[in-house]
There are 2 protein chains.
Amino acid sequence: MDEVKILIVDDEKDILEFVGYNLENEGYIVKKASNGHQAIELNHSFKPDIIILDVMMPDLDGIETCYQIKQEISTNNPKIIFLTARSEDYSEISGLEAGADDYITKPVRPRVLLSRIKAILRRGAQNEENKPKVSYGEFTIDWDKYIVIKNSEARTLPRKEMELFGLLFSSPGKVFDRETIMKRVWGSEVVVGDRTIDVHIRKLREKFGENYFETVKGVGYKFVSPDNV
Amino acid sequence: MDEVKILIVDDEKDILEFVGYNLENEGYIVKKASNGHQAIELNHSFKPDIIILDVMMPDLDGIETCYQIKQEISTNNPKIIFLTARSEDYSEISGLEAGADDYITKPVRPRVLLSRIKAILRRGAQNEENKPKVSYGEFTIDWDKYIVIKNSEARTLPRKEMELFGLLFSSPGKVFDRETIMKRVWGSEVVVGDRTIDVHIRKLREKFGENYFETVKGVGYKFVSPDNV
DNA sequence: AATTATGTAAACAAAAGGTTAACCCTGATA
DNA sequence: TATCAGGGTTAACCTTTTGTTTACATAATT
């Protein structure tokens, strides 16, 4: 991983500038968001490796934002560093639960921040050896190579198809309702028409066969492996 | 859970008013108690989903109150958020021991409080997703996969049939009267003809056999498992 | 027997989902 | 810069499934 992308989220412009400047100086690719919604949005499009997230923000606070981001199925699995003022009354409990990977208290000291970032990247590098490759029935999904293998025949899927497949595949047999699919694949911010999910299911069926993606009318869809039940 | 009930407990009237106002504004159903005894009392009668509990109270303090409430066996299992003044020397430890679910330090900031409440509700909702897989006699119902298994033969039912089955199956042998069935499966607002339930019972009988859904004339229906009684 | 509650089949209505093709981006390519 | 291609989305229309009612038959209860 040579190009490390970092997203900074804070409602105070000064901090965005200050932290952004320091990180860019170190050669990271930086984008900034000034609220939670923007952050979720940018997590999609920018796909940062690390998100530095202010806890205390109006409207959608850091904890909430973190939750939502962690929910989503996506290729980037961003690490999240919380930024909290020592005086704030957000307890660490909620932060850890929300899936924070580290904490930093304001005021931000560049040296500290950089060392935390490096620590996280180091940790990440180690994990990367655990290729997230999961098999079930005749299928294998390999997020690393971004392919789905069916009976030793590999194919690359477009992002949304991959994510939709990934979600359903993550719990074979379990029905995911449309709302959940929407939230986890498209994100809670995005609003798209109701036929969109169907169309993507169609594409998956075209590629893998009609029998793997079962419709449960009025509820949602599930992945099943006929030979494997 | 659409109607969320919250109980606020504090000996300072101002705080009760302030917090209460903000929560009501968000559509929560709110009751207030000004001491621990009242709180325990209201936990019984009001059955709140969440209790916001001041730690520092005369006589019966928050920790004690929390203990007592957690002790009780009741249908509502209220989540408890502690309210502590930063200066107080109640350590978080005692709070966690007492069974707190979260902390907030005074002064209470509405945004913070609301986001914590949402977080707690979300946690609760997630747990609810793991609807258990229940077996009785030759039947198993699996809400996750949305199937009913009879003698190792699985089938997915349409929504209403599933819900009707689920209801009757939830208490084998117990008679559910039509009114209850209506309310629980169709909802209290919906009005449908009186043959509708019968027709759905018919469908279940067609699918699983005539002997499992017994009519109790003038009352309602019950699920029975002949081999199992 | 009369009355009332339930059973049933078939018709009907309305959701829910399926399908296809066109459209709009965005990023790549010449 | 113009063009192009792929992915993603929408729109329109089609099909199927599910849910409800109707109309009448049957069984139980008084």
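Computed from heavy atoms alone, side chains included, the values below leave out hydrogens, waters and symmetry copies. A, B, ... follow the sequence lines: proteins, then strands. Residue 1 opens every chain.
- Side-chain polar atoms of B/Y212 and B/E138 form a donor-acceptor pair below 3.5 angstrom.
- Heavy atoms from other residues, nucleotides or ligands lying under 6.0 Å from CD of A/E206 number more than 12.
- If you check every strand for non-hydrogen atoms under 4.0 Å, B/V219 touches sugar and phosphate atoms only.
- Residue A/K32 is tested with A/I52, A/L7, A/L16 for a side-chain contact (heavy atoms from CB on, under 4.5 Å); the sole match is A/L16.
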Practice task
Could you encode protein contacts along nucleotides 20-28 of chain D as a string, one character per nucleotide from 5' to 3', using B for base contact, S for sugar-phosphate-only contact and - for no contact, with a heavy-atom cut-off of under 4.0 Å?
Solution key: BBBB---BS

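- An OP1 or OP2 oxygen of C/dA5 is reached within less than 4.0 angstrom by no side-chain nitrogen or oxygen of B/R178.
- No contact: B/F213 has no heavy atom under 4.0 Å from any strand.
- In this structure, B/Y146 atom OH and C/dA16 atom C1' are separated by 13 Å, rounded to whole Å.
- For the pair A/D198 CG and D/dT16 C1', the computed distance is 13 Å after rounding to whole Å.
- The number of heavy atoms from other shown groups lying within 6.0 Å of NZ (A/K183) does not exceed 12.
- Side-chain contact, B/R178 with B/Y221: a donor N or O sits under 3.5 Å from an acceptor N or O.
- The distance between atom CZ of B/R202 and atom P of C/dG7, rounded to the nearest whole Å, is 9 Å.
- One atom, CZ of A/F46, and another, P of C/dT26, lie 17 Å apart when rounded to the nearest Å.
- Nucleotide D/dG19 holds its C1' atom 13 Å from the CG atom of B/L164, rounded to whole Å.
- The CD-P distance, from A/E163 to D/dG7, rounds to 14 Å in whole Å.
- If you measure from atom CD1 of A/I201 to atom P of D/dG7, you get 18 Å, rounded to the nearest angstrom.
- OP1 or OP2 of C/dA5 has not a single side-chain nitrogen or oxygen of B/Y221 nearer than 4.0 Å.
- Using cut-offs of 30° and 60° on the angle between ring planes, the pair A/F139 and A/F165 is tilted.
- Put simply, CE on A/M162 is 12 Å from P on D/dG8, counting in whole angstrom units.
- Classified by interplanar angle (parallel below 30°, tilted 30° to 60°, perpendicular above 60°), the ring pair A/F223/A/Y136 is perpendicular.
- For A/P158, the listed nucleotide lying nearest its side chain is D/dG7; candidates were C/dG17, C/dG7, D/dG7.
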